[in-house]
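Working notes, structure below.
Quick caveat, the model's predicted, so the values are computed rather than measured. So you know, we letter chains A, B, ... as the sequences are listed, proteins then strands, and number each from 1. Because only heavy atoms are used, hydrogens play no part in the values below, and waters and symmetry mates are left out as well, while side chains stay in.
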Protein chains: 2
Amino acid sequence: MKAGLRLTGPRIAIYRIVTGEGVHPSAEEVYQMLSDEMPSLSRDTVYRTLGTFEEAGLVRKFPDGDGVFRYDGKMRFHHHFTCSRCRTIFDVGEDETGAVPVPETLRSRGTIESVRLEFRGVCLSCQTRGGKMTKERTINSGEI
Amino acid sequence: MKAGLRLTGPRIAIYRIVTGEGVHPSAEEVYQMLSDEMPSLSRDTVYRTLGTFEEAGLVRKFPDGDGVFRYDGKMRFHHHFTCSRCRTIFDVGEDETGAVPVPETLRSRGTIESVRLEFRGVCLSCQTRGGKMTKERTINSGEI
DNA sequence: GTAAGTGCAAATGATTTGCACAGCG
DNA sequence: CGCTGTGCAAATCATTTGCACTTAC
């Protein structure tokens with residue numbers, strides 16, 4: 001693979017999934033997607049492998065709004081747009097947003113190394129079909 | 001209080017803490033801060049009360065970078081600057097950053113309702129004294 | 001052959017839930 | 001007094017870890 005990691009069946013399969021276009025799966029989701037074609041694969045291996053990938057700098061780990069960690073195989077710096085209904089996460093390139101200026105007032109509080117944008121709203125497909133509304137989420141819940 | 005919530009000892013104490021200036025405590029931290037003056041207070045009540053506050057729109061709940069939920073009693077819209085060493089979260093007012101423009105290209109993917117900025121870097125006190133470095137965090141860990 | 005990788009099962013940590021009692025309005 | 005809020009204990013969920021076996025290099 002790279003970074004001196006051993007090339008094994010589970011790793012190849014997991015790497016393929018997590019680096020797919022526009023996906024941001026949780027460890028559990030990766031496990032579910034693979035359990036059919038690799039019945040012997042254990043959940044633990046998925047967790048451990050994703051952790052290994054993160055340390056190797058192959059993927060980025062981040063907590064989604066529901067307190068679950070998700071993995072992002074797109075390593076070029078970018079932002080996210082999360083649909084508040086279906087919870088899908090869309091990539092937003094830095095070329096779309098432009099570089100975000102760091103306010104002068106922050107200089108006095110530390111050294112800023114990166115600024116990430118978190119867009120919230122309703123995605124196109126949720127707008128079109130009334131919006132499927134995931135889990136116990138309600139429209140008038142405090143947060144957006 | 002407001003929102004038709006009963007005024008009880010635990011609620012008053014928890015409300016006072018979570019709306020303190022510049023704090024972003026987790027449920028566990030709120031519990032720790034109160035367990036001395038209120039030995040009978042149970043962790044469950046803290047969790048449940050914070051959940052009630054969130055539903056009532058009194059506080060905002062968000063996952064920190066380590067997969068723990070934190071609560072923010074400052075309801076005026078603002079952003080956060082997280083120190084990657086000590087993990088402290090600082091508020092950044094919208095007056096400091098200005099309104100963030102939504103890229104044209106996002107229009108075709110949905111309706112944006114809010115944009116939140118997540119600043120990452122090293123806070124002043126961590127820069128000054130070598131940087132205390134929380135938990136097993138290391139400097140060269142992949143993420144910033 | 002050997003250290004790294006994996007599966008299994010148990011441990012941990014954060015958060016939620018069921019139930020009976022307590023106390024605010 | 002009635003219903004909401006609380007404490008206690010057990011349950012659940014996501015994630016981690018110890019150990020022994022397997023395998024890539």
Side-chain angles (χ1 to χ4, degrees), chain A residues 1-15 18 24-56 58-71 87 134-137 141, chain B residues 1-15 17-18 24-56 58-71 87 134-137 141 143:
Chain A
M1 197 168 290
K2 341 180 180 182
L5 294 183
R6 279 196 192 172
L7 207 52
T8 68
R11 287 191 175 171
I12 295 174
I14 295 171
Y15 185 78
V18 80
H24 310 81
S26 64
E28 177 65 26
E29 284 169 358
V30 171
Y31 173 69
Q32 293 300 337
M33 287 187 263
L34 287 175
S35 49
D36 280 329
E37 49 178 294
M38 297 185 80
S40 72
L41 178 69
S42 78
R43 212 179 306 261
D44 326 69
T45 296
V46 175
Y47 275 99
R48 235 178 307 221
T49 300
L50 287 171
T52 303
F53 284 175
E54 193 211 351
E55 283 172 33
L58 296 174
V59 303
R60 188 166 72 91
K61 182 185 188 182
F62 65 96
D64 74 1
D66 296 316
V68 176
F69 284 116
R70 296 191 164 275
Y71 293 85
R87 309 256 122 191
T134 309
K135 285 188 271 186
E136 71 296 327
R137 282 280 149 194
S141 122
Chain B
M1 199 168 288
K2 340 182 181 182
L5 294 183
R6 278 198 192 170
L7 207 52
T8 68
R11 287 189 175 173
I12 296 174
I14 295 171
Y15 186 76
I17 286 189
V18 80
H24 310 81
S26 64
E28 177 66 25
E29 284 170 0
V30 171
Y31 173 69
Q32 294 300 336
M33 287 187 263
L34 287 176
S35 50
D36 281 330
E37 49 178 293
M38 298 186 80
S40 71
L41 178 68
S42 77
R43 212 179 306 259
D44 325 70
T45 296
V46 176
Y47 275 99
R48 234 177 310 221
T49 301
L50 287 171
T52 304
F53 285 175
E54 193 211 350
E55 282 171 34
L58 296 174
V59 303
R60 187 166 73 91
K61 181 186 188 181
F62 65 97
D64 74 359
D66 296 316
V68 177
F69 283 117
R70 297 192 163 275
Y71 294 86
R87 308 257 122 190
T134 310
K135 284 188 268 185
E136 71 296 326
R137 282 282 148 194
S141 121
E143 63 171 339

Measure from [atom1] on [X] to [atom2] on [N] and round the result to the nearest Å.
X       : N      : atom1 : atom2 : value
B:Leu50 : C:dT16 : CG    : C1'   : 14 Å
B:Glu29 : C:dT15 : CD    : C1'   : 15 Å
A:Phe53 : C:dG5  : CZ    : C1'   : 12 Å

Student check: side-chain heavy atoms of [X] and [Y] closer than 4.5 Å:
X       : Y       : value
A:Val30 : A:Thr49 : no
B:Val18 : B:Pro25 : yes
B:Arg60 : B:Glu54 : no
B:Ile14 : B:Phe53 : yes

Closest-nucleotide mapping onto DNA chain C: is B:Gly67 or A:Pro10 further toward the 5' terminus? I mean the 5' end.
A:Pro10
I'd like to compare against my own output: the B/S/- annotation of nucleotides 19-25 of chain C with a strict under-4.0 Å heavy-atom distance to protein.
----BBS
B:Asp64 and B:Arg87: CA distance, side-chain angles, deciding distance, side-chain contact (heavy atoms from CB on, under 4.5 Å) verdict:
CA-CA 9 Å; B:Asp64 74 359; B:Arg87 308 257 122 190; over 6 Å; no
Could you check whether B:Ser40 gets within reach of a base, just the sugar-phosphate, or nothing at all, counting any heavy atom under 4.0 Å?
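If one applies the 4.0 Å heavy-atom cut-off, B:Ser40 turns out to touch the sugar-phosphate alone, with no base involved.
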Touch check for A:Thr49, heavy atoms < 4.0 angstrom, all strands: base, sugar-phosphate only, or nothing?
sugar-phosphate
Main-chain N/O of B:Thr52 paired to B:Glu55 side chain as donor or acceptor, under 3.5 Å:
no
Kindly say if A:Ser42 contacts the phosphate of C:dG7, meaning a side-chain N or O under 4.0 Å from OP1 or OP2.
yes
Think B:Tyr47 has a side-chain N or O under 4.0 angstrom from the OP1 or OP2 of C:dT15?
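Yes, because at least one side-chain N or O of B:Tyr47 sits under 4.0 Å from OP1 or OP2 of C:dT15.
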Tell me the bend of the helix from C:dG1-D:dC25 to C:dG25-D:dC1 as the angle between end helix axes, each from five pairs, rounded to the nearest 10 degrees.
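The two end axes of the helix from C:dG1-D:dC25 to C:dG25-D:dC1 meet at 40°.
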If I take atom CD from residue B:Glu29 and atom NE2 from residue B:His24, how far apart are they, to the nearest 0.5 angstrom?
11.5 Å
For chain B, the stretch of DNA chain D it reaches, first to last nucleotide, under 4.0 Å of its heavy atoms:
D:dG2 to D:dA9
Who passes ring pair (Phe, Tyr, Trp, His ring centres under 6.0 Å) against B:Phe62, sequence neighbours left out?
B:His80
State whether A:Phe69 and A:Lys61 meet the cation-pi test: NZ (Lys) or CZ (Arg) under 6.0 Å from the six-membered ring centroid, and within 45° of the perpendicular axis.
yes
Taking side-chain contact (heavy atoms from CB on, under 4.5 Å) as the test, write out the residues that go with A:Pro10, two or more places apart.
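A:Pro10: side-chain contact (heavy atoms from CB on, under 4.5 Å) contacts with A:Thr8, A:Met38, A:Leu41, A:Thr45.
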Under the side-chain hydrogen bond (donor to acceptor under 3.5 Å, both in side chains) rule, what pairs show up with a residue in residues 31-40 of chain B, not counting sequence neighbours?
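Applying side-chain hydrogen bond (donor to acceptor under 3.5 Å, both in side chains) to every pair that reaches into residues 31-40 of chain B, excluding sequence neighbours, yields B:Glu28-B:Gln32.
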